[in-house]
Peer 1: 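Provided herewith is a single structure, encoded as structure tokens, for subsequent inquiry.
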Amino acid sequence: MKFSIRSKGDETSNKLKNQIKRYLNGFDLVYDEDEPDIVISVGGDGTLLHAFHQYVHRLHDTAFVGVHTGHLGFYADWTPDEIEKLVIHLAKTPFQVVEYPLLEVTIRFNHEEEEKRYLALNECTVKSMEGSLVIDVVIKGEKFETFRGDGLCISTPTGSTAYNKALSGAIIHPSLSAIQLAEMASINNRVFRTIGSPLVLPQHHTCKLKPVNDVNFDITIDHLFLTHKDVKSIQCRVADEKVRFARFRPFPFWKRVKESFIMD
């Protein structure tokens, strides 16, 4: 089996990276940054997001596993004192693959520029660079509303515990193939009105955002910050691709939610 390791870059994470690499090489596993079967993320959820985008082109062939060197994360479930146990699992135990849905974002332009397609593990956010965002929300080809406010956040189930939760969005179990649309400070008065609640869309529904005026947009795809001009539409849907995580033991989602947001 071929493996690669992505480190957060701090002293502790780099030390663990070197330790894991040395141990796995001792079991005759091959270190390969180009075509790994498994990617080990050492750091936190942010580190795994970087690893995901580094290998987004080979999701069908690569699985991820996370070691957290800070607070317990939703993607990083192994601790530094469990490194030897993880290494033995990697070297000796066939792992179970758990697949989670991703968000596909397709940006189309008014002129002949080629469309841009992105995959997000957590979320995509859309904001105007010039004041409030004014944009039509179209669901399954029918206009649903004209949104006015600070911006919109479209998240995956695994990303529902991140920025989406800060926007009072629902927490969605990652076994559900869905996306969620949450508002950022919408404008609601006697003239302008939005639904005012997060929307959860199933796999066969597509959400398309169509600009009402000619403005430039700040768009994020997880940790990636993009600026796009002359945007015709931003299409969001559950992606055909999925992210694959290597599981060697139970990692209950609701237990993670409880430990992250309720327990001391």
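Computed over heavy atoms, backbone and side chain alike; hydrogens, waters and symmetry mates excluded. We number each residue from 1, following the sequence as shown.
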Peer 1: Looking at Glu113, is its backbone amide N or carbonyl O close enough to the side chain of His111 to form a donor-acceptor pair, meaning the two atoms are under 3.5 Å apart?
Peer 2: no

Peer 1: Does Leu181 reach the side chain of Leu201, with side-chain heavy atoms less than 4.5 Å apart?
Peer 2: no

Peer 1: Between Phe245 and Tyr75, what is the ring plane arrangement, given parallel below 30°, perpendicular above 60°, and tilted in between?
Peer 2: parallel

Peer 1: Parallel, tilted or perpendicular: which one describes the rings of Phe74 and Phe253, with boundaries at 30° and 60°?
Peer 2: tilted

Peer 1: Apply side chain to side chain donor-acceptor pair (under 3.5 Å) to the pair His53 and Asp222, showing each step before the final yes or no.
Peer 2: CA-CA 9 Å; His53 284 278; Asp222 293 331; 2.7 Å; yes

Peer 1: Given side chains that start at C-beta, do those of Thr161 and Phe261 come closer than 4.5 Å, heavy atoms only?
Peer 2: yes

Peer 1: Check for me whether the distance between the ring centres of His228 and Phe217 falls short of 6.0 Å.
Peer 2: no

Peer 1: Going by the angle between their ring planes, with limits at 30° and 60°, are Phe64 and Phe52 parallel, tilted or perpendicular?
Peer 2: tilted

Peer 1: Within the structure provided, determine whether Arg117 and Leu119 are in side-chain contact (heavy-atom separation under 4.5 Å).
Peer 2: yes

Peer 1: Is it true that, when you exclude Glu84 itself, more than 12 heavy atoms of the residues, nucleotides or ligands shown sit nearer than 6.0 Å to its CD?
Peer 2: no

Peer 1: Excluding sequence neighbours, so at least two apart, what forms side-chain contact (heavy atoms from CB on, under 4.5 Å) with Val30?
Peer 2: Lys2

Peer 1: Going by the side-chain contact (heavy atoms from CB on, under 4.5 Å) test, name the single residue among Val200, Val257, Ile171 that passes it with Ser160.
Peer 2: Ile171

Peer 1: Where the side chain of Thr156 meets the backbone of Leu121, is there a donor-acceptor pair that is under 3.5 Å apart?
Peer 2: yes

Peer 1: Under the 3.5 angstrom rule, does the side chain of Gln180 hit a backbone N or O of Ile154 as a donor-acceptor pair?
Peer 2: no

Peer 1: Out of curiosity, Ser132 OG to Arg148 CZ, how far, rounded to the nearest 0.5 Å?
Peer 2: 9.5 Å

Peer 1: Quick one, Thr62 and Asp37 - any side-chain contact, counting heavy atoms below 4.5 Å?
Peer 2: no

Peer 1: Would you find a donor on one side and an acceptor on the other, under 3.5 Å apart, between the side chain of Asn14 and the backbone of Ser7?
Peer 2: no

